[in-house]
Participant: 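I'd like to ask you about the structure that follows.
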Amino acid sequence: QVQLVESGGGLVQAGGSLRLSCLASGRTFSLYSMGWFRQAPGKERAFVAAISKSGSSTYYADSVKSRFTISRDNAKNTLYLEMNTLKPEDTAVYYCAASNTAFGTGRQLYDYWGQGTQVTVSS
């Protein structure tokens with residue numbers, strides 16, 4: 001089992017940046033592929049980005065590609081999401097997730113979830 005705790009959310013103006021972190025504990029972090037998802041009010045939880053176990057491969061939703069960067073530091077058991085050029089439509093609760101299997105966009109691939117951190121982008 002693995003426990004995940006997100007941090008780094010907050011209120012920023014459009015065009016600004018935030019760096020989210022997800023600290024993992026309980027199991028060896030490098031055993032998991034990882035992902036970030038987000039959920040806006042009244043919306044379904046949506047895929048944002050994913051990263052392989054080693055960090056060598058990444059994948060992004062079209063809506064965030066070129067603006068967001070997913071990375072991981074396995075020595076620190078930490079997953080990151082660097083968010084740049086933020087837009088009001090990026091406002092959501094952001095969740096990190098861990099997969100025993102794969103690197104993918106579907107929620108069903110992820111076995112463990114954090115509690116979420118709020119990101120609010122003002123116009």
Side-chain angles (χ1 to χ4, degrees):
Q1 308 297 312
V2 64
Q3 294 78 49
L4 306 172
V5 180
E6 302 95 335
S7 62
L11 174 64
V12 297
Q13 294 184 6
S17 299
L18 281 175
R19 189 190 195 194
L20 305 183
S21 298
C22 175
L23 179 64
S25 61
R27 294 289 301 276
T28 302
F29 183 53
S30 62
L31 295 177
Y32 302 96
S33 298
M34 299 294 295
W36 285 99
F37 290 75
R38 64 187 182 185
Q39 188 165 21
K43 302 284 188 178
E44 296 294 319
R45 193 169 298 188
F47 171 77
V48 175
I51 191 167
S52 63
K53 295 175 181 180
S54 68
S56 62
S57 298
T58 59
Y59 190 77
Y60 299 91
D62 288 343
S63 59
V64 306
K65 193 171 185 178
S66 81
R67 297 190 298 120
F68 291 11
T69 302
I70 187 171
S71 62
R72 66 193 296 163
D73 187 339
N74 286 348
K76 295 181 178 180
N77 292 346
T78 304
L79 175 74
Y80 302 99
L81 185 68
E82 180 72 32
M83 305 185 294
N84 298 311
T85 319
L86 283 161
K87 304 174 181 179
E89 51 262 46
D90 294 319
T91 295
V93 176
Y94 283 70
Y95 299 88
C96 67
S99 174
N100 288 317
T101 311
F103 197 79
T105 62
R107 294 190 302 272
Q108 71 278 6
L109 296 175
Y110 295 87
D111 304 286
Y112 310 101
W113 296 83
Q115 83 290 343
T117 186
Q118 177 71 48
V119 172
T120 302
V121 184
S122 64
S123 59

Participant: Between the side chain of Arg45 and the main-chain N/O of Arg107, is any donor-acceptor distance below 3.5 Å?
Facilitator: no
Participant: Transitively linked via ILVMFWY side-chain contacts under 4.5 Å: Val48 with Leu4?
Facilitator: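 Yes; Leu4 is reachable from Val48 via cluster members.
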Participant: Identify whether Val5 and Tyr94 are in the same connected component of the hydrophobic contact network (ILVMFWY, side-chain heavy atoms under 4.5 Å).
Facilitator: no
Participant: Looking only at atom types and distance, does a side-chain atom of Ser99 sit under 3.5 Å from a main-chain N or O of Ala102, one as donor and one as acceptor?
Facilitator: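 Side chain of Ser99 to backbone of Ala102: a pair is present.
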Participant: Grouping I, L, V, M, F, W and Y whenever their side-chain heavy atoms are under 4.5 Å apart, do Leu81 and Leu86 come out in a common cluster?
Facilitator: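 Both belong to a single hydrophobic cluster.
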Participant: Between Tyr110 and Trp113, what is the shortest heavy-atom contact and its length?
Facilitator: O-NE1, 3.6 Å
Participant: Leu79 vs Phe29, test: side-chain contact (heavy atoms from CB on, under 4.5 Å). Steps then yes/no.
Facilitator: CA-CA 9 Å; Leu79 175 74; Phe29 183 53; 4.1 Å; yes
Participant: Would you say Arg38 and Asp90 make side-chain contact, with heavy atoms under 4.5 Å?
Facilitator: yes
Participant: Under 4.5 Å between side-chain heavy atoms, hopping through other hydrophobics if needed: is there a path connecting Ile51 to Val64?
Facilitator: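 Same cluster.
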Participant: So, the side chain of Arg72 versus the backbone of Ser52: is there a donor-acceptor pair under 3.5 Å, distance only?
Facilitator: yes
Participant: Identify the heavy atoms of Val119 and Gly9 that sit nearest to each other, and give their distance.
Facilitator: CG2-CA, 4.2 Å
Participant: So which heavy atom on Ala14 is nearest to which on Pro88, and how close?
Facilitator: CB-CD, 4.1 Å
Participant: Spell out, yes or no, whether Tyr112 and Met34 are grouped together once hydrophobic residues are joined by side-chain heavy atoms under 4.5 Å, including indirect joins.
Facilitator: yes
Participant: Decide yes or no on side-chain contact (heavy atoms from CB on, under 4.5 Å) for Tyr80 and Thr69, but give the supporting numbers first.
Facilitator: CA-CA 8 Å; Tyr80 302 99; Thr69 302; over 6 Å; no
Participant: Centroid separation under 6.0 Å, is that true for the rings of Trp36 and Phe68?
Facilitator: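 No, the ring of Phe68 stays outside the 6.0 Å limit from the ring of Trp36, centre to centre.
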Participant: Between Tyr60 and Ile70, is there a donor-acceptor pair closer than 3.5 Å when you use the side chain of the first and the backbone of the second?
Facilitator: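 Yes, Tyr60 side chain to Ile70 backbone: donor-acceptor pair under 3.5 Å.
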Participant: Look at atom CZ of Phe103 and say whether more than 12 heavy atoms of other residues, nucleotides or ligands are closer to it than 6.0 Å.
Facilitator: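 Yes, the 6.0 Å shell around CZ holds more than 12 heavy atoms from other groups.
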Participant: Could you tell me whether a side-chain N or O of Tyr95 sits under 3.5 Å from a main-chain N or O of Gly35, the two making a donor and an acceptor?
Facilitator: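 It does not hold such a pair.
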Participant: Backbone N or O of Cys96 within a donor-acceptor pair of the Glu6 side chain at under 3.5 Å?
Facilitator: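 Yes; at least one donor-acceptor contact below 3.5 Å.
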Participant: Check for a donor-acceptor pair, side chain of Thr78 on one end and backbone N or O of Leu23 on the other, with a separation under 3.5 Å.
Facilitator: no
Participant: Which heavy-atom pair separates Tyr59 from Thr105 by the least distance, and what is that distance?
Facilitator: CE2-CG2, 3.7 Å
Participant: Distance check, rounded to the nearest 0.5 Å: Leu18 atom CG versus Asn84 atom CG?
Facilitator: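 Here the interatomic distance stands at 9.5 Å.
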Participant: How many angstroms lie between CG in Asn74 and OG1 in Thr28, if you round to the nearest 0.5 Å?
Facilitator: 10.0 Å
Participant: If you apply the rule side-chain contact (heavy atoms from CB on, under 4.5 Å), what do you find for Gln118 with Thr91, and how did you get there?
Facilitator: CA-CA 8 Å; Gln118 177 71 48; Thr91 295; 4.0 Å; yes
Participant: Run the side-chain contact (heavy atoms from CB on, under 4.5 Å) test on Leu20 and Met83 for me, step by step, so that the C-alpha distance in whole Å, both residues' side-chain angles and the decisive distance to 0.1 Å come before the verdict.
Facilitator: CA-CA 8 Å; Leu20 305 183; Met83 305 185 294; 3.7 Å; yes
Participant: Side chains of Lys53 and Ser30: closer than 4.5 Å at any heavy-atom pair?
Facilitator: no
